[in-house]
Each structure stands twice: as C-alpha cells, then as structure tokens.
K.L.:
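Got a structure for you, questions after.
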Protein chains: 2
Amino acid sequence: MSAPDTLRDGNASTRIADGLREAILRGEYLPGDRIIQEDLSARYGGSRIPVREALRQLESDGLVRLVANTGAWVASLSMAECSEVYQTRERLEPLLLRFSAEHLTTETLATLDRLAHQMEDAPGVEEFLELDRRFHFATYDSFHTHTLGPLVTRLWNTTQPYRRAYTTLVGSRNRRIFHDEHHMLVTALYDGDLELAEQILALHIRRTRLHLERHPELFDPTTPPH
Amino acid sequence: MSAPDTLRDGNASTRIADGLREAILRGEYLPGDRIIQEDLSARYGGSRIPVREALRQLESDGLVRLVANTGAWVASLSMAECSEVYQTRERLEPLLLRFSAEHLTTETLATLDRLAHQMEDAPGVEEFLELDRRFHFATYDSFHTHTLGPLVTRLWNTTQPYRRAYTTLVGSRNRRIFHDEHHMLVTALYDGDLELAEQILALHIRRTRLHLERHPELFDPTTPPH
DNA sequence: CTACACCAGATTGTATCCAATGTCACGAAA
DNA sequence: TTTCGTGACATTGGATACAATCTGGTGTAG
C-alpha cells in the first residue's frame with residue numbers, strides 16, 4: 001500500500017510522518033511505546049527537525065501523544081475511548097457510503113465482491129485486516145471528499161491496533177456473521193438500495209463495537225490525563 | 001476565551017499554534033491569505049522552527065494549507081466542501097449532544113437559556129457568532145470526550161470564516177427561526193427528551209447549511225488541487 | 001526500610017546558519 | 001503585444017550546535 005522509505009514527497013517531514021504512520025498501522029510500534037526523536041532521525045535519515053514536524057502531524061492525527069519537554073508515545077485508547085470512536089464511525093461512515101455509492105461503477109462492485117470472498121480465505125490476521133480495510137475503503141473511494149474521507153481514515157487508524165489485537169485474540173471464530181454482513185452490503189449496493197446499505201453498515205460497525213467491548217483486557221486500563 | 005500572546009504552555013509551537021488559530025477564528029486572517037513564517041516568528045517571538053511545527057499542527061486541523069517548498073495559506077473552502085462539513089456535523093453533533101445531555105446539570109440548563117436569550121440582543125456579528133458558539137458548546141461540554149468533542153470543534157473552526165461572512169451578509173434578517181430553534185432545543189433538554197433534542201439540532205444544522213448554499217459567492221470558486 | 005533530595009545522563013526545545021526551491025520582474029525574440 | 005527564458009530576490013527546508021528540561025538512579029536522613 002505504501003512505497004518504501006525512499007523519497008516520495010518533496011519534504012522530509014511528510015515522508016517521515018507517512019513512514020511512521022504506516023509503521024504504527026503495521027503494528028511495528030504498539031500503543032504506549034515511547035518514541036525517541038533521534039531513533040526516527042536515524043531510521044528515516046535527516047535531522048530531528050523534520051522528525052518533530054512529523055510528530056506534530058501524527059499527534060493531530062491521533063496516532064501519537066506528545067508531552068512538552070518529556071517525549072512522544074504511540075497513542076493508546078481506553079475501552080471507553082475506543083467505543084466512542086466506533087460510535088462516531090457508526091454515524092459517519094453510512095453518510096460517506098451514501099455519497100460514494102452514488103458514483104459506484106460496475107468495476108468497483110466487482111472488486112468489492114471479489115474482496116468480500118477473498119476475505120473468507122484470508123490465512124492470517126494481517127491479511128484479514130488488510131482485506132477488510134481495502135473492502136471498506138473501496139466502498140468509499142468513489143467520492144472524492146475533502147473532510148469526510150480523511151476523517152474516517154483517521155478513525156480507522158486510531159483504532160487499528162485494537163482491531164488487530166481483537167482479531168488475533170479471537171482467531172477465525174465467529175467470522176461468519178462478519179462475512180455475511182459484507183456480502184449483504186455488496187448486494188444492497190448492487191441493488192442500488194442506499195438506505196439498506198447505510199443500515200447494514202451501521203449495524204456492522206455497531207456489532208463490531210459490541211464484540212470489542214467484551215474484551216476490556218485489550219485496552220489501556222487508565223484514561224490518560226490530557 | 002484565550003490568554004494573550006504570553007506564555008501559556010511549555011513550548012513555543014503550541015503557543016504559536018493556539019495564537020494563530022485564534023487569530024484565524026477572529027477573522028484576522030482570511031481564507032486564502034498567505035502566511036509567512038518569518039512574520040509569525042516576529043509576531044509571537046522565537047525562531048521559525050516552532051512556527052513550522054505550529055503550521056503542521058494547524059494543517060492537520062484543517063485551518064492552514066501547506067505546499068512543499070512554496071508556502072502556507074489560510075485554508076479556504078469551496079461551497080461543496082463547506083456543505084460536506086455541515087452534513088458531517090449534522091450526523092455528529094446530535095450524537096455528541098446525546099452523550100452530553102445525559103450529564104446536564106440544572107446550572108448548565110440555566111446558562112443555556114440565558115445564552116439563547118442573550119443572542120437575541122447581540123448587537124453585532126462578532127457577538128452573535130461568539131454567543132452562538134458558546135451556546136452550542138455549552139450543550140456539549142457536560143461530557144468529556146476523547147474524539148468527538150475535538151472533532152466537532154475542528155469542524156466548527158474550519159467553517160468559521162464562512163459563518164462570519166454569511167452572518168455579516170444577511171445582517172439580522174431572518175434570525176427569528178434561528179433563535180426559535182435554540183429555544184426549542186433548550187426546552188427539549190429541560191424535558192429530557194433526547195430524541196427530540198437530537199432531531200432539532202440536526203434540523204438546525206441542516207437549515208443553516210441550506211441557507212449558506214444560497215450564497216455561492218461567499219466561497220472559494222475553485223476546488224483547490226490537493 | 002521508606003521517603004526524599006540531588007546529580008548525571010538522556011532527551012527534548014530552540015536559535016543560527018546555510019542550502020534548496022520557488023517567485024516574479026525584466027528583457028529579448030516571435 | 002504576447003510569450004518565453006533568465007536571473008536576482010524572497011522564502012522555505014534542513015543540519016548543526018547549544019540550552020532547557022526531564023528521568024532515573026544513588027545516597028542520605030528519618
């Protein structure tokens with residue numbers, strides 16, 4: 001999904017921010033991990049100046065927590081905070097889906113169907129997560145948004161570590177209903193029934209949240225003081 | 001609402017970001033205005049390093065647009081983009097209202113009622129905008145949120161210049177329905193009817209959007225390439 | 001044994017300097 | 001007159017160096 005650590009944009013801060021974001025999403029850094037500026041300088045090249053700009057960016061993205069004169073940590077969520085993100089998604093993503101579905105092409109629909117089936121055979125956690133993300137974002141990509149798209153991406157990103165932990169924990173048990181919901185969503189989109197598609201998506205997100213809430217042990221026990 | 005330009009947080013970047021954010025919200029900078037790093041250094045003190053970090057922060061907040069090796073501008077919205085923000089708010093704020101309303105105190109309700117009445121006598125545009133913001137955020141403040149509150153603040157911030165322009169343009173005409181909606185909201189909260197409160201709020205935001213959409217001349221005519 | 005003060009090392013925050021890049025005005029050619 | 005190239009200037013991007021601050025361990029007093 002992303003180029004290697006070579007130059008890809010004009011400036012170093014963007015490159016570092018992108019690289020670190022991907023690393024966090026890949027699970028290379030875990031919630032609560034300390035981030036040392038110098039380490040990032042060494043890893044991505046360059047001095048600490050662009051590293052610091054990158055950290056500011058990621059802080060606004062909700063992936064990093066900065067404390068003045070003290071340091072940076074990979075953001076962690078309490079269960080209540082994670083639930084909040086999911087409830088937010090439950091309201092936002094159906095809207096984005098509606099915007100996007102109005103411009104869906106036949107090719108995209110075919111892709112969605114293919115992804116939904118591929119997921120059923122996903123061998124491991126990483127493949128499953130990756131395909132799930134690609135599936136949902138494929139339903140959103142047909143509408144170029146200014147606000148909503150980036151917002152939803154952000155919400156996915158901040159909760160990614162917990163989705164990974166949950167998926168790892170429960171293995172491939174109980175995934176049937178998950179796949180069924182995906183197929184139902186594809187069918188509703190085929191039929192052009194946007195109202196139904198919105199409802200299925202909302203329920204899909206809601207059910208996932210309720211499942212996550214059964215595993216408080218995955219989350220940061222304390223709400224950090226901010 | 002904010003301290004003057006003196007130190008308020010440990011580091012300069014946060015101070016500069018806060019100062020510039022407030023300045024943009026006050027309308028001191030207009031959408032499309034060029035921002036020169038050196039000017040901010042001079043204005044807020046310090047070198048350009050913390051200024052650049054502040055600009056990255058505000059870029060992630062959607063208030064500033066950065067182009068590599070070229071410069072920074074105060075973000076501007078096309079009408080479609082502004083509408084998108086309002087449609088997003090229409091889905092998000094009722095949820096936040098619901099969360100918050102569960103913890104509303106009698107004092108807060110009294111404050112809301114007072115603010116709603118004060119707004120009717122607001123002498124100028126700035127007072128009106130300020131009171132409107134304080135009213136709505138007072139309905140949200142009873143619930144300490146991790147994601148939703150900051151998100152809503154962000155959406156308010158990015159559209160603030162256009163609310164100001166619209167309010168200035170139409171003067172105090174047609175404000176009656178606006179005030180009525182506020183009073184209806186207060187009443188619904190008094191009655192503890194959250195369902196009704198959510199609906200009133202959604203309609204309030206929706207109607208505002210439709211009014212804004214009658215004035216395309218307020219917005220950036222071109223969707224900037226990003 | 002615990003609590004606290006203090007100091008050394010580690011890490012972050014910022015200023016200055018220089019390099020890289022883009023902008024804009026000017027002038028020459030079509 | 002318009003278009004295109006060119007070069008000086010303005011502005012941004014980044015590296016190094018240093019100052020400020022925090023952390024964690026050690027030793028001392030209670």
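Just so it is clear: chains get the letters A, B, ... in the order the sequence lines come, proteins before strands, and each one is counted from 1.
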K.L.:
Holding to salt bridge (charged side-chain N to carboxylate O under 4.0 Å, His left out), I want the full list of residues that pass it with B:E59, two or more places apart in sequence or in another chain.
P.N.:
B:R56
K.L.:
Considering residues at least two apart in sequence or located in another chain, which fulfil the ring-ring contact (aromatic ring centres under 6.0 Å, His included) criterion with B:F135?
P.N.:
B:H182
K.L.:
So, using salt bridge (charged side-chain N to carboxylate O under 4.0 Å, His left out) as the criterion, who are the partners of A:E126 when residues are at least two apart?
P.N.:
A:R164
K.L.:
Under the rule for ring-ring contact (aromatic ring centres under 6.0 Å, His included), what residues qualify as partners of B:H215, not counting sequence neighbours?
P.N.:
B:Y166
K.L.:
For B:E93, enumerate each residue passing the side-chain hydrogen bond (donor to acceptor under 3.5 Å, both in side chains) test, keeping only those at least two apart in sequence or located in another chain.
P.N.:
B:R89, B:Y140, B:W156
K.L.:
Where does the angle between the aromatic ring planes of A:F219 and A:Y162 fall among parallel (under 30°), tilted (30 to 60°) and perpendicular (over 60°)?
P.N.:
parallel
K.L.:
What pairs with A:T108 under side-chain hydrogen bond (donor to acceptor under 3.5 Å, both in side chains), at least two apart in sequence or on another chain?
P.N.:
A:T105
K.L.:
Residues two or more places apart in sequence or in another chain: which of them pass ring-ring contact (aromatic ring centres under 6.0 Å, His included) with B:Y86?
P.N.:
none
K.L.:
Anything under 3.5 Å between a protein N or O and an N or O of nucleotides 12-15 of chain C, put it in a table, one pair a line.
P.N.:
{"residue": "C:dT12", "atom": "OP1", "partner": "A:I35", "partner atom": "O", "Å": "3.4"}
{"residue": "C:dT12", "atom": "OP2", "partner": "A:Q37", "partner atom": "N", "Å": "3.3"}
{"residue": "C:dG13", "atom": "OP1", "partner": "A:N69", "partner atom": "N", "Å": "3.0"}
{"residue": "C:dG13", "atom": "OP2", "partner": "A:Q37", "partner atom": "NE2", "Å": "3.3"}
{"residue": "C:dG13", "atom": "OP2", "partner": "A:R52", "partner atom": "NH1", "Å": "2.6"}
{"residue": "C:dG13", "atom": "N7", "partner": "A:R48", "partner atom": "NH2", "Å": "2.7"}
{"residue": "C:dG13", "atom": "O6", "partner": "A:R48", "partner atom": "NH1", "Å": "3.4"}
{"residue": "C:dT14", "atom": "OP1", "partner": "B:A12", "partner atom": "N", "Å": "2.6"}
{"residue": "C:dA15", "atom": "OP2", "partner": "B:S47", "partner atom": "N", "Å": "2.4"}
{"residue": "C:dA15", "atom": "OP2", "partner": "B:S47", "partner atom": "OG", "Å": "2.8"}

K.L.:
Salt bridge (charged side-chain N to carboxylate O under 4.0 Å, His left out) with B:E28: which residues, sequence neighbours excluded?
P.N.:
B:R26, B:R43
K.L.:
For A:R209, enumerate each residue passing the side-chain hydrogen bond (donor to acceptor under 3.5 Å, both in side chains) test, keeping only those at least two apart in sequence or located in another chain.
P.N.:
A:E213
K.L.:
Write down the protein N/O and nucleotide N/O pairs, taken from nucleotides 6-9 of chain C, whose separation is under 3.5 Å; answer none if there are no such pairs.
P.N.:
none

K.L.:
Could you tell me from which nucleotide to which nucleotide of DNA chain D, 5' to 3', there is an atom under 4.0 Å from chain B heavy atoms?
P.N.:
D:dT11 to D:dA15
